[in-house]
Each structure stands twice: as structure tokens, then as C-alpha cells.
Amino acid sequence: MRTPFRFVTRSCKAVHRLQQSSFLSPISAVSSHQRIAVLRNTSTYFCKEDRSYYITTPIFYVNASPHLGHLYSAVIADCLHRYKLLQGFNSKFATGTDEHGLKIQQAAEAAGKDPLTFCTDVSERFKHLFNSCNISYTDYIRTTEQAHCQAVKHFWSVLCNKGLIYKGSYEGWYSTQDESFLTASQVGDAWDSSGKEIKVSLESGHKVEWMKEENYMFRLSAFRSQLLDWLRGNPRAIQPERFYQAVIQWLQEDLPDLSVSRQRSRLQWGIPVPGDAEQTIYVWLDALVNYLTVAGYPDKCSQWWNVAHHIVGKDILKFHAIYWPAFLLGAGLPLPQTIYVHSHWTVGGKKMSKSLGNVVDPLVRSQMFTTDGMRYFLLRQGVPDSDCDYTDNKVIKLLNAELADSLGGLLNRCTAPALNPAQVYPSFCPQSFPSQHGGRAVVEDYNMLDAVKNLPAVVEQHYESMHVYKALEAISACVRQTNGFVQRHAPWKLDRRDSKDQHWLDTIIHVSLECLRIYGTLLQPIVPEISNKLLSRLGVQPGERSWVDVNFLPRYQGMDCPFEGRALGSDSGVLFSRLETYMGLDTFISQSTELGLPT
Ligand code: MSP
């Protein structure tokens, strides 16, 4: 992927400062409008019908209500979907619920409900959470839907017809909680709450049981070398790198054939094996096919399937990076382009779980800290490579520092009537801030321009590798630099009656608003409401907010700035209100319950 600025050809090498800086006029002879037209026509970049992109979240188990970890998977996918839309892609974004299997069958029984009613209730809760948190999915799939069941049956028949499924018998460990078959080396000893010795999965810690069943097996062992070839030929297929290495390692270990059905007598809640009413299709095979169902399978699905990217938590990597590609290879279908893996949110150092009672309710938190606040926190603090511990205090501190004080403070300063009485995007004065020294700008100001000019490329690179926290780190550092710029030059001390002071004041505000425009544009995938408020306040129209519009400070490069002289948008209040630490969580939760808010 390229940014507009990478079309730059360096043209002013004679200027000493600019020789060191990357802030050069890209195509300085053309106007900004012409430049956008150039970019739009560039095949590597924009708005072409064939530039499709397909991003998925895992589909969520409906055995319990959604928690913060689930929202995290969805927010990452939403961010990448919105980012691709900004880049002019035709993006499809699928999420939904995983409704079959023993775990759900048992949960429905425990709730005393028929399975479908139970699934519908919990699926609606996920949907409600996602709608409340601006998760802009284009498709919401439930595995109990007819179209999906058809797709799974078709997929099964294809594997069967290719001789990849055979009737056998499975004897070994099974974890209902993970819906996973385990080898002896993946199981260890533990004690349950009553002190009884039990066997658990070494990876998840969930209880496992010995089972012996007649069922259908998939020839997984036949795919080891094809999977290794795929990965070695596509070193970016699984990101971050440490998870890619883990999969390579697994593939060098034991890879037995995989049981892909359960006896109907044990598992009724699932799709029957075509032609054998005594067997139910293994829930992971059923669930993984959801990605194809959304793409249109078994009808023509290549538009989406050829450009599929999965977001998954590290606990379900094996299913996505080994089983799924093997099924796809078996069915003669292309493999996903990227599997982006994220780590977990813990509370008190432990993975959230209902039994530990440490589950963080994302709906309550997004009401407390706002939807955008929660989105920002999760993406700013969530590091794909390692687990992160959640506390409310961390959220409050981060949001107050970066959204309320730093970003909100900057917008407030530059748009406040005291500094900007005309309420316009003021003019940039090249004499005050010349491309060579001699004006009023100092070296830190030039450094800031460089940093902001490079920011879209930096952010793009981090979004592409799902290191969203690094993108936010870079944006946050630039916001601090811009605040430093305003503070350093204290425009409130300038004398408006002096025309030179007035020009410099206008220039300071112009530059700061340009910085804010870039930050607002780049932040849209993360905090859509805040970005909208910010850009609207600057008077930036909806059609001026895409990735082609991140041409920073064109006036400095001798080009026209479409915003110069334009009236600001109306003031709709502070960008992000400071959160008070005294607002106790317990009080909030009890208030929400009283108000009948779902918790
Ligand atoms: N149903 C399967 C996925 C099938 S996809 C074909 C499943 N569901 S899940 O509800 O258990 O998990 C869904 C996603 O939530 C996974 O990516 C999982 O990693 C993520 N999370 C669950 N708990 C989490 C945390 N505590 N922290 C971050 N994400 C976690 O697995």
C-alpha cells in the first residue's frame, strides 16, 4: 500500500533544511485538486471496483453474554474495515455467532430453554453490544441459519467426494469448553474446586474428558507439507511474527487426523452429517465455514473469498492456522490472505471467565467511558503480542490524558473565540513560516511539520500490520508536538494590531488546524464519533475526509488550501469530557441496573 506522499519526487534539494527533511512539495506545480485527480487515477490506490477487501471476526459462542475480550476482537476488525473504506476499498466486514455444539447444548439445558430460543437471546445481546459500540459490520451471521447449514453440508460433501473424510473411531481427550480434541501431550493434571484430581488442557486450563466414539475423520495428516509450503511462501500470512513461528513449530510436531463429527446420541445440537443421521458435524468445521457462507459459498464467492483476512484471538489460532487452511486446501479453495492474531485481556492477571467472576461487561464500560472512549482504550492499550491487564483506572487516566487534555485541549485552544474571533480557518503566511529559516518558526516547528507530514504513512503501515497501538502512539506523539508548538509561541500574547503579529497568529492557528485535520482524519477508524465532531468543528465536509485528503499543509508547499478562509463548523461542545475518578464503578453499575440497562 502506498500513501499519496510516496508519489513524491524530491525537487528542491538545494534548500539545506529541506534536504534533511522529508517535507517536500510532491508535485508542487499542480494544484491540490489536480493532485487528487492524479492520485485517483493511480492504479495502486483508489476507488476501483475491483479493490475488494473482506475482514472477519471470529463468530462468538453464545453460551454466555459478551465480555470485553469479545468486543476487542470486534473493534480491531471494525478499525481495519473503516480504514479500508477510507482508502477507497469496497470492504465487507463479517461477524456473528457460533451457535452449535455440545457447549451450547449444555448451556441451553442449564438455562432450561430450547437451544434455538437460547441462541437467539444471546446472539441478540452480541448484536446489541456491537450496534451500541459502532461496530459497522456489513454481515451478521448465525450458524443456525439455513443458508449456512446448506454451505456446511456442501463443503462436507466436497471433502467427502475427494476422499478426505473416512469413517473411523476416535479415542482420546476432549474439552467441551474449547470444543477441542487433544493429544496426551496437550493434557495435564489439576484439581477441581472440591479437591478432586482432574485432567485439563495445558493450553486453556479447561477440563478435558476421555471419549471413545465412532466418527468421521479428516485426513489432516496429509496436509502437513502443503501447510508448511504455504506458510514458508507467505511469511506475512500469520501476524504478528511470534504466532507465525508458533504455527510453524506446531506443524513440525504430531499432526494426527482430525475427528470431524460426534455421535448424534451425544450431540444433537448441530448439523447432521449428510447421508448419516447418526452423526453430527464437528462444531469447528461448521463454524469455520461461516467465513465462506458470508462470501456467498457455495455459489460464486471469489470476489470476497480471494481477499479474506481473519482476526482471531491467540486461543483459537490452531483452528484458523492449521485446521481451516487444511480444510480449504482439501476443498480446492484459496487460503485466507492474513490471519491477524491478538492476545488477551486479563483482569488481576487472569483471563476473564464467568467462573472466576472477573468478567468485564463492555456495555457498562462503554456507557461509563463512552463508546469511543472504550474503543480508543482497547486499541491504544491492546498489544497483539502480549496480554494486557484491564483496570478502570487505566481507562480513566489514558482517556483524560490523550482525548480530553491533549487532543480536546488543542482543538479548544485553536477554535476558542478568544484566539479565533472570526471563527474561520485563518490564512497561512509563508513569510512567517517560510520553508527556509528567516521567519518566526524554530527548529522544533519544522520537526513537527515533518512528523505530521509523515504521519499518514506511519499510521498506514501500523494499521496494515494490525499494530494499531503503534499508530495511536504515533498520533499521540504528534498531538503533543502540536500542543508544544502552540505553547511555545503563545499566540494569546501576540498583538493583533501589529500586522506581522496578526499574520503569525493566523499562521499558528492555520498550522494547528491542519494538524488537527490530519489527526481527525486518521482517527476515524478508531473513534468515529470524536473524529466526526472534530472534523465538523473544523468545517471539513464528509467528502473531504478520506485517505486522499491527508495532504498536510498544502500552503507550506505553495499549493492552495481548500480550507483557508472557510468558516469553522458550529461549536458542539467539548470534544471529550474529562472522566472523574470519583464516579465509582459500583455506583454506576447499580444505577444502570436501576435504569434497566442491560448488564
Ligand atoms: N466460537 C469460537 C470461534 C469460532 S470462529 C470460526 C470462539 N468463540 S469465543 O466466543 O470463545 O471467542 C471469540 C473471540 O473472543 C476469540 O477471538 C477469542 O480469542 C476472543 N476472546 C475471548 N476472551 C478474550 C479475552 N479475555 N481477551 C481478548 N480476547 C478474547 O472461540
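Position 1 is the first residue of the sequence, and the numbers go up from there. Note that ligands are numbered from 1 as they come in the structure, with each ligand's atoms numbered from 1 the same way. Remember, predicted model here, so these are calculated numbers, not experimental data.
- Scanning His100, His70, Met352, Lys350 for the heavy atom closest to atom 15 (O) of ligand 1 points to His70.
- For ligand 1, the atoms sitting less than 4.0 Å from at least one non-hydrogen atom of Ser343 are 28 (C), numbered in the order shown with element in parentheses.
- Taking 4.0 Å as the cut-off between side-chain N and carboxylate O, Asp276 and Arg264 do not count as a salt-bridged pair.
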Side chain to side chain donor-acceptor pair (under 3.5 Å) between His309 and Thr338, intermediate numbers included:
CA-CA 5 Å; His309 303 257; Thr338 325; 2.9 Å; yes
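- Close approach to His320 involves these atoms of ligand 1, each under 4.0 Å from a residue heavy atom: 5 (S), 6 (C).
- Taking all heavy atoms of Gln177, Glu179, His342 into account, the minimum distance to atom 29 (N) of ligand 1 is reached by His342.
- Ranking protein heavy atoms by distance to atom 31 (O) of ligand 1, first place goes to Ile316 CG2, 3.4 Å.
- If you check which protein heavy atom lies closest to atom 9 (S) of ligand 1, you get Tyr61 CD1, 3.7 Å.
- Looking at atom 17 (O) of ligand 1, its nearest protein heavy atom turns out to be Gly313 N, 2.9 Å.
- Both the backbone and the side chain of Pro58 come within contact range of ligand 1, each with a heavy atom under 4.0 Å.
- Regarding atom 30 (C) of ligand 1, its nearest protein heavy-atom neighbour is His344 CD2, 3.5 Å.
- The shortest N/O to N/O separation between Asp98 and ligand 1 falls below 3.5 Å.
- Within ligand 1, counting atoms from 1 as listed, the ones closer than 4.0 Å to a heavy atom of Ala287 are 6 (C).
- A distance of 6.0 Å separates CD of Glu179 from OG1 of Thr176, quoted to the nearest 0.5 Å.
- In plain terms, the two heavy atoms of His320 and Ile316 that are nearest each other are ND1-O, 3.0 Å.
- The cationic group of Arg262 lies under 6.0 Å from the six-membered ring centre of Tyr174 and within 45° of the ring axis, placing it in a cation-pi geometry.
- Atom NZ of residue Lys92 and atom CD of residue Gln303 lie 8.0 Å apart, to the nearest 0.5 angstrom.
- Which of Trp345, Tyr390, Tyr291, Tyr72 comes nearest to atom 5 (S) of ligand 1 through a heavy atom is settled by distance: it is Tyr291.
- The protein atom (non-hydrogen) at minimum distance from atom 20 (C) of ligand 1 is Ser73 OG, 3.7 Å.
- Between Trp284 and ligand 1, a contact under 3.5 Å exists for no N or O pair.
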Stepwise, does the side-chain contact (heavy atoms from CB on, under 4.5 Å) test hold for Trp304 with Val294?
CA-CA 9 Å; Trp304 302 114; Val294 172; over 6 Å; no
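- Salt-bridge formation is detected for the pair Lys314/Asp387: a Lys NZ or Arg NE/NH1/NH2 atom is positioned less than 4.0 Å from an Asp or Glu carboxylate oxygen.
- Protein heavy atom in closest approach to atom 19 (O) of ligand 1: Asp315 OD1, 2.5 Å.
- The protein atom (non-hydrogen) at minimum distance from atom 3 (C) of ligand 1 is Ile59 O, 3.1 Å.
- Looking at atom 28 (C) of ligand 1, its nearest protein heavy atom turns out to be Gly69 CA, 3.4 Å.
- At a threshold of 4.0 Å, the pair Lys84-Glu464 counts as salt-bridged, since one of the basic side-chain nitrogens sits closer than that to a carboxylate oxygen.
- Heavy atoms of Phe319 come nearer than 4.0 angstrom to ligand 1 in no pair at all.
- Atoms NZ and CG, on Lys153 and Asp286 in that order, are 11.0 Å from each other to the nearest 0.5 Å.
- Between Ser73 and His342, the closest side-chain pair of non-hydrogen atoms falls below 4.5 Å.
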